[in-house]
Amino acid sequence: MKGGVMAEVAKEEVFKKGLEGVVAGDSSICSVQGDVGKLYYRGYSIGDLAANCSFEEVTYLLLYTRLPTKQELKAFRKTLVGQMKLPKHVLAVLKKLPKETTPMEALRTGISALSVKEPEALGRPVEEQLPICVNLIAKFPAVVAAYHRIRNGQKPVSPKKSMGYAANFLYLLNGRAPTPEEESVVDADFVLHAEHSFNASTFAVRVTVSTLSDMYSAMTTGIGVLKGPLHGGAAQEVMVMLEKIDNPDKVDSFVRDALVKHEKIMGIGHRIYKVYDPRAKIIKARVEALSRQKGDTRWYTMLVKIEEIMAREKHLYPNVDFYSAVVYKLLGLPIDMYSPMFAIARSAGWSAHAVEQYSDNRLIRPVDHYVGPIDLQFVPINERH
Ligand code: COA
């Protein structure tokens with residue numbers, strides 16, 4: 001490197017690593033109050049929604065800004081379930097994927113493949129985008145379940161009109177109707193994961209929409225960002241950790257060892273929640289009940305022990321993925337299906353944000369704080385060594 005000086009950049013611009021605390025837009029979809037551990041979807045507390053609403057009801061609320069009437073919910077469920085069947089070309093793509101393809105990669109590919117024969121949503125009025133979002137939300141569980149069956153050498157099955165969204169997902173996955181407990185815990189898990197303001201994947205979805213790309217690209221963006229272990233991949237990592245610990249008696253030494261080595265304990269901590277994540281509180285109670293029902297409390301016991309040590313030693317608390325991991329384990333899902341479960345639910349939140357962004361759009365294009373050199377002396381390629 002010859003010549004050149006370091007660029008002088010005005011320092012008065014505020015830069016926060018990881019954009020921590022940076023306000024990136026107005027939104028009326030979700031309020032996360034991290035200092036007091038509260039979460040609201042469109043003004044309703046997550047506790048009320050999780051205790052009283054199905055995923056379909058919450059999805060309606062997120063998309064159409066208000067809770068549905070009984071009739072509206074019935075019609076919405078019918079539309080949603082009616083669109084859970086996958087087109088032939090998407091099934092053909094899923095069948096051609098190499099065996100090593102993970103379900104999250106299959107989901108990203110399946111949703112992308114869906115776009116080629118469907119109308120593009122962006123550039124159209126909001127009323128025309130919403131049905132496209134509903135179609136996409138219906139297709140997420142269908143792609144995940146179909147790929148699960150395909151990679152296990154089973155034939156994909158078609159959705160049942162008589163079942164709701166969560167039950168249909170389990171039916172498409174296992175080829176049998178779920179028990180009421182299985183349906184209820186998956187439905188609650190979907191409600192808890194449906195939305196969470198400007199998290200990494202949702203913000204990425206909004207960036208995609210802001211370029212006036214299409215809704216399918218926005219969803220594949222979301223899936224790609226959610227995949228990372230610091231975001232939607234955490235539940236998977238929680239189970240990897242639990243399987244490594246293996247025995248409640250070994251929790252203490254495992255966690256202490258990790259803390260000494262400055263390693264992170266997955267499913268613990270959150271950028272926004274500085275107290276207990278309200279979603280974790282709700283899913284923890286469900287996991288305790290499910291564990292007793294299934295006669296397998298080993299995983300739950302380990303998590304409670306980890307939680308206690310982390311609270312005592314680091315003042316860090318579980319996030320939603322900590323206990324969700326055990327829901328998926330007790331349902332018999334393979335570990336690589338955990339992130340797709342999150343993606344299925346979050347397709348609702350992503351859709352609401354995509355429509356909101358489009359309704360009052362301006363290209364999202366921040367600036368960086370350049371710290372490299374400028375005015376270097378150019379050396380022709382033959383003279384470089
Ligand atoms: N285990 C151990 N220590 C943790 C921790 C964890 N899970 N999460 C945060 N910390 C510690 C960090 O080591 C750091 O300590 P230090 O200041 O002594 O270096 C401090 O807490 C701040 O952590 P940081 O990673 O900078 O916070 P963040 O706001 O950038 O990250 C998460 C938030 C969620 C990415 C982070 O808590 C994490 O990696 N958790 C595990 C992954 C996870 O569960 N993700 C799902 C989120 S819903």
Side-chain angles (χ1 to χ4, degrees), residues 15-24 30-35 37-39 41 46 104 189-205 222-245 251-284 287 299 302-329 335-336 338-346 349-350:
F15 165 60
K16 291 279 184 96
K17 195 167 183 186
L19 301 186
E20 182 170 3
V22 173
V23 175
C30 179
S31 169
V32 185
Q33 299 182 0
D35 45 346
K38 291 196 170 171
L39 168 65
Y41 295 171
I46 192 66
M104 202 62 172
D189 184 71
F190 284 169
V191 166
L192 296 176
H193 282 88
E195 163 55 12
H196 213 231
S197 76
F198 276 41
N199 56 82
S201 58
T202 301
F203 185 61
V205 163
I223 297 164
V225 175
L226 188 73
K227 192 167 170 283
L230 296 187
H231 190 8
Q236 174 172 332
E237 298 305 320
V238 170
M239 192 42 69
V240 169
M241 172 181 76
L242 291 184
E243 288 186 341
K244 209 188 284 175
I245 301 175
V251 165
D252 215 64
S253 57
F254 179 92
V255 177
R256 282 181 204 292
D257 217 42
L259 292 181
V260 168
K261 291 185 197 150
H262 296 285
E263 285 170 2
K264 281 189 169 167
I265 301 293
M266 285 295 146
I268 296 283
H270 198 275
R271 172 63 65 79
I272 309 290
Y273 293 118
K274 297 308 166 205
V275 294
Y276 215 104
D277 178 339
R279 304 166 301 171
K281 215 175 267 178
I282 297 167
I283 202 75
K284 181 181 179 183
V287 169
W299 311 108
M302 283 197 254
L303 288 184
V304 172
K305 283 191 166 197
I306 297 171
E307 177 188 328
E308 283 167 3
I309 301 172
M310 290 305 283
R312 201 170 51 237
E313 303 286 325
K314 298 281 288 181
H315 302 291
L316 289 170
Y317 305 95
N319 57 59
V320 67
D321 292 323
F322 193 65
Y323 285 101
S324 290
V326 175
V327 171
Y328 310 146
K329 178 75 179 177
I335 281 185
D336 59 6
Y338 294 13
S339 302
M341 292 292 285
F342 191 159
I344 292 170
R346 191 52 61 83
W350 289 337

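Whatever order the structure lists them in is the order used to number ligands and atoms, beginning at 1.
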*Asks:* Quiz question for you: does at least one protein heavy atom lie closer than 4.0 Å to atom 22 (C) of ligand 1?
*Replies:* no
*Asks:* Run the ring-ring contact (aromatic ring centres under 6.0 Å, His included) test on H270 and F322 for me, step by step, so that the C-alpha distance in whole Å, both residues' side-chain angles and the decisive distance to 0.1 Å come before the verdict.
*Replies:* CA-CA 11 Å; H270 198 275; F322 193 65; over 10 Å; no
*Asks:* Record the part of V238 in heavy-atom contact with ligand 1 below 4.0 Å; permitted values are side chain, backbone, both and neither.
*Replies:* neither
*Asks:* Rounded to the nearest 0.5 Å, what separation is found between the CD atom of Q236 and the CZ atom of F342?
*Replies:* 13.0 Å
*Asks:* Less than 4.0 Å from atom 26 (O) of ligand 1, is there any heavy atom belonging to the protein?
*Replies:* no
*Asks:* Kindly indicate whether atom 29 (O) of ligand 1 is approached by any protein heavy atom to under 4.0 angstrom.
*Replies:* yes
*Asks:* Which atoms of ligand 1 sit under 4.0 Å from any heavy atom of G267?
*Replies:* 43 (C), 44 (O)
*Asks:* Return the residue, atom name and 0.1 Å-rounded distance of the protein heavy atom closest to atom 10 (N) of ligand 1.
*Replies:* L316 CD1, 3.5 Å
*Asks:* Name the closest protein heavy atom to atom 1 (N) of ligand 1, giving the residue it belongs to and the distance to 0.1 Å.
*Replies:* I265 N, 2.9 Å
*Asks:* Return the OG to CH2 distance between S201 and W350, rounded to the nearest 0.5 Å.
*Replies:* 5.0 Å
*Asks:* Should Q33 and I272 count as side-chain neighbours, where that means a heavy-atom distance under 4.5 Å?
*Replies:* no
*Asks:* Can you tell if the side chain of H196 reaches within under 4.5 Å of the side chain of T202, non-hydrogen atoms only?
*Replies:* no
*Asks:* Considering only heavy atoms of L230, which atoms of ligand 1 have at least one such atom less than 4.0 Å away?
*Replies:* 39 (O), 45 (N), 46 (C), 47 (C)
*Asks:* How about I223 and R346: do any of their side-chain heavy atoms sit closer than 4.5 Å?
*Replies:* no
*Asks:* What I'd like to find out is whether the side chain of V238 reaches to under 4.5 Å of the side chain of Y323, using heavy atoms alone.
*Replies:* no
*Asks:* Given side chains that start at C-beta, do those of N319 and Y273 come closer than 4.5 Å, heavy atoms only?
*Replies:* no
*Asks:* Looking just at side-chain N and O atoms, do Y328 and D189 make a donor-acceptor pair shorter than 3.5 Å?
*Replies:* yes
*Asks:* Is the shortest N/O to N/O distance between I268 and ligand 1 below 3.5 Å?
*Replies:* yes
*Asks:* Between E243 and K329, is any pair of side-chain heavy atoms under 4.5 Å apart?
*Replies:* yes
*Asks:* Among protein heavy atoms, which lies nearest atom 24 (P) of ligand 1, and at what distance?
*Replies:* K264 NZ, 3.9 Å
*Asks:* Return yes or no for this condition: an N or O of K314 is under 3.5 Å from an N or O of ligand 1.
*Replies:* no
*Asks:* Looking only at distance, does K274 have an N or O less than 3.5 Å from an N or O of ligand 1?
*Replies:* no
*Asks:* Between R271 (side chain only) and G18 (backbone N and O only), is there a donor and an acceptor less than 3.5 Å apart?
*Replies:* yes
*Asks:* Under 4.0 angstrom from atom 5 (C) of ligand 1, is there any protein heavy atom?
*Replies:* yes
*Asks:* By number and element, which atoms of ligand 1 are closer than 4.0 Å to a non-hydrogen atom of H231?
*Replies:* 46 (C)
*Asks:* Protein non-hydrogen atoms only, distance under 4.0 Å: does atom 39 (O) of ligand 1 have such a neighbour?
*Replies:* yes
*Asks:* Only heavy atoms of R271, strictly under 4.0 Å: list the atoms of ligand 1 that pass.
*Replies:* 28 (P), 29 (O), 30 (O), 33 (C)
*Asks:* Does some non-hydrogen atom of E237 fall short of 4.0 Å from ligand 1?
*Replies:* no
*Asks:* Against heavy atoms of A234, which atoms of ligand 1 measure under 4.0 Å?
*Replies:* 43 (C), 44 (O), 45 (N), 46 (C)
*Asks:* Can you find a protein heavy atom under 4.0 Å from atom 32 (C) of ligand 1?
*Replies:* no
*Asks:* For atom 42 (C) of ligand 1, find the nearest protein heavy atom and state the residue, atom name and distance (0.1 Å precision).
*Replies:* M266 SD, 3.5 Å
*Asks:* With backbone taken as N, CA, C and O and side chain as the heavy atoms from C-beta onward, which portion of M310 lies under 4.0 Å from ligand 1: side chain, backbone, both, or neither?
*Replies:* side chain
*Asks:* Side-chain contact test, heavy atoms from C-beta onward, threshold under 4.5 Å: evaluate it for I306 versus I245 and give yes or no.
*Replies:* yes
*Asks:* Output yes when a side-chain donor or acceptor of Y338 lies under 3.5 Å from a complementary backbone atom of D321, and no otherwise.
*Replies:* no
